[in-house]
Amino acid sequence: MGLRAVAVCSEADRGGAWLEAADDSVCIGPGRASESYLDADALLLAAEVAGADAVHPGYGFLAENAAFAAKVEQAGLAFIGPTSDVIRLMGDKISAKAAMRAAGVPCVPGSDGALPADPARCAEIADEVGYPVIVKAAGGGGGRGMRVVRDGSDLAAAIATTREEAFRAFGNAELYLEKFLELPRHIEIQVLCDNHGNALWLGERDCSIQRRHQKLIEEAPAPGIPREAIAALGERCAAACREIGYRGVGTFEFLYENGTFAFIEMNTRIQVEHTVTEQVTGIDIVREQLRAALGERLSLTQRDVRTKGHAIECRINAEHGFEGRPSPGRLTQWHAPGGPGIRVDSHMKANADVPPHYDSLIAKIVASGCDRAECIARMKAALAEMRVAGVAVNTGLHRFVLDQPAFREGGVSIHFLERALQGE
Ligand code: ADP
């Protein structure tokens with residue numbers, strides 16, 4: 001696009017490979033995230049020093065922080081994402097659900113708004129919804145701030161504990177309650193909008209392979225779901241975007257059970273797993289995201305969006321795969337796989353450090369092919385080809401999943417991985 005890119009890093013990331021890929025880089029503070037990547041003032045100062053026009057928030061840290069987006073706007077810079085008002089609306093899961101319900105998007109049944117302080121009233125709400133229920137924090141994220149309650153006698157304690165945790169973790173003690181779905185799949189719709197009233201949906205992803213509510217493997221399209229059902233849902237999401245004045249890229253997340261979709265939340269940023277959608281649609285989603293932020297019209301219409309073949313992404317984490325324990329350290333060896341249909345997105349290189357401060361994701365391997373079986377075969381070869389030393393990586397866990405007959409058949413639920421690990 002001819003744009004110059006300025007990357008930021010913390011002191012712990014000074015040797016990062018992405019800094020070499022950028023035109024320029026600025027160190028914004030110490031390794032501890034609160035003093036660098038989460039420090040809005042340090043980031044704005046870096047933008048000023050670098051003479052930047054726009055800020056891309058990536059997909060972690062402040063990417064969904066409405067106050068940060070507002071600060072960027074106030075500094076006269078473009079925030080590459082929706083407006084701060086829309087981030088605020090969708091960042092609070094209670095207001096997000098209310099907005100989606102109003103826009104005709106199907107939601108998981110539950111409390112209409114925030115849970116009241118009165119335990120007796122909460123018990124009535126839970127009874128109406130029907131057990132099992134899940135108590136969730138309005139400000140929750142990253143799979144934290146949730147508690148399943150199977151029996152009314154446990155409700156009051158679960159609410160008290162989750163409230164306490166939510167206040168500590170998110171600074172917001174507000175809770176809501178939903179029906180707990182026992183065996184759902186996680187299906188999400190990618191949307192893309194400009195500032196001229198155009199909103200498109202780019203197909204769906206299946207992200208049901210999760211551990212502790214964290215995604216591990218994602219794919220597009222979702223196996224075994226009727227195309228008409230996906231199309232109807234995609235149209236609903238695009239319409240909802242027009243209604244709330246959405247700009248840029250976003251994802252509507254749903255649980256899918258017994259042929260029905262139910263909205264759980266929206267991510268107002270580019271997601272880690274956008275790669276599989278890029279592979280099957282041939283659309284450079286980040287390029288469109290930048291175009292939208294620059295005020296340009298989308299370069300496509302809904303009719304241009306066609307999916308072809310299949311794509312699967314494995315998140316390569318620096319962790320002891322089967323236990324999921326982080327494994328920071330120095331990468332003494334780094335060889336990424338290649339070959340037909342293999343894409344590797346990574347910020348790593350040999351002799352780089354995986355700092356202990358941040359998320360353990362160090363690479364994404366994406367296999368594309370004419371069908372799912374070809375993707376799985378290519379992914380298995382790619383995982384076998386990968387060479388990493390100095391830190392532990394979870395390639396063995398991925399191979400374990402890819403070999404499971406139920407996974408190979410397609411359509412497993414979000415509990416599949418944890419149950420398979422327990423030998424069930
Ligand atoms: P977060 O923002 O923390 O990712 P979500 O609301 O997206 O929170 O939920 C994360 C995960 O928690 C879902 O992918 C699913 O595995 C589980 N979950 C959330 N709500 C429900 C529900 N009502 N029933 C069953 N599982 C749920």
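Just so you know, ligand 1 is whichever comes first in the structure, and atom 1 is the first atom listed for that ligand.
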Per-atom contacts of ligand 1 with K93, taking only distances under 4.0 Å to non-hydrogen atoms: 1 (P), 2 (O), 3 (O), 5 (P), 6 (O), 8 (O)

S208 side-chain N/O to H186 backbone N/O, donor-acceptor pair under 3.5 Å: yes

D13 (side chain) donor-acceptor with G16 (main chain) under 3.5 angstrom: no

Donor-acceptor pair, side chain of D353 and main chain of P355, under 3.5 angstrom: no

Parallel, tilted or perpendicular, as decided by the 30° and 60° cut-offs, for the rings of Y358 and Y37: perpendicular

Working for ring-ring contact (aromatic ring centres under 6.0 Å, His included), residues F68 and F61: CA-CA 10 Å; F68 176 65; F61 299 117; over 10 Å; no

K136 touching ligand 1 at heavy-atom level, < 4.0 angstrom: yes

Protein contact of atom 13 (C) of ligand 1 - nearest heavy atom, named by residue and atom, plus distance: I264 CD1, 3.9 Å

L181 N/O under 3.5 Å from ligand 1 N/O: yes

Atom 15 (C) of ligand 1: the protein heavy-atom neighbour that sits closest, reported with distance to 0.1 Å: I414 CD1, 3.6 Å

Numbered atoms of ligand 1 (with element) below 4.0 Å of E253, judged on heavy atoms: 7 (O)

Reference residue E188; test side-chain contact (heavy atoms from CB on, under 4.5 Å); the match among E218, E265, K215, E204: K215

Closest protein heavy atom (residue, atom, distance) for atom 10 (C) of ligand 1: M146 CE, 3.8 Å

Per-atom contacts of ligand 1 with H186, taking only distances under 4.0 Å to non-hydrogen atoms: 14 (O)

Check: L298 main-chain N/O paired with D194 side-chain donor or acceptor under 3.5 Å: yes

Contact atoms of ligand 1, heavy-atom distance to G141 under 4.0 Å: 1 (P), 2 (O), 3 (O)

Protein residue, atom and distance nearest to atom 3 (O) of ligand 1, heavy-atom basis: G143 N, 2.5 Å

Shortest protein contact, atom 12 (O) of ligand 1 (heavy atom only): H213 ND1, 3.1 Å

More than 12 heavy atoms of other groups within 6.0 Å of Y131 OH: yes

Top protein contact for atom 26 (N) of ligand 1, by heavy-atom distance: F180 CE1, 3.6 Å

Nearest-option assignment for atom 22 (C) of ligand 1, heavy atoms, candidates V129, L183, L255: L255

Contacting atoms of ligand 1, where contact means under 4.0 angstrom from a heavy atom of E265: 1 (P), 2 (O), 4 (O), 5 (P), 7 (O), 8 (O)

Main-chain N/O of R343 paired with K364 side-chain donor or acceptor, under 3.5 Å: no

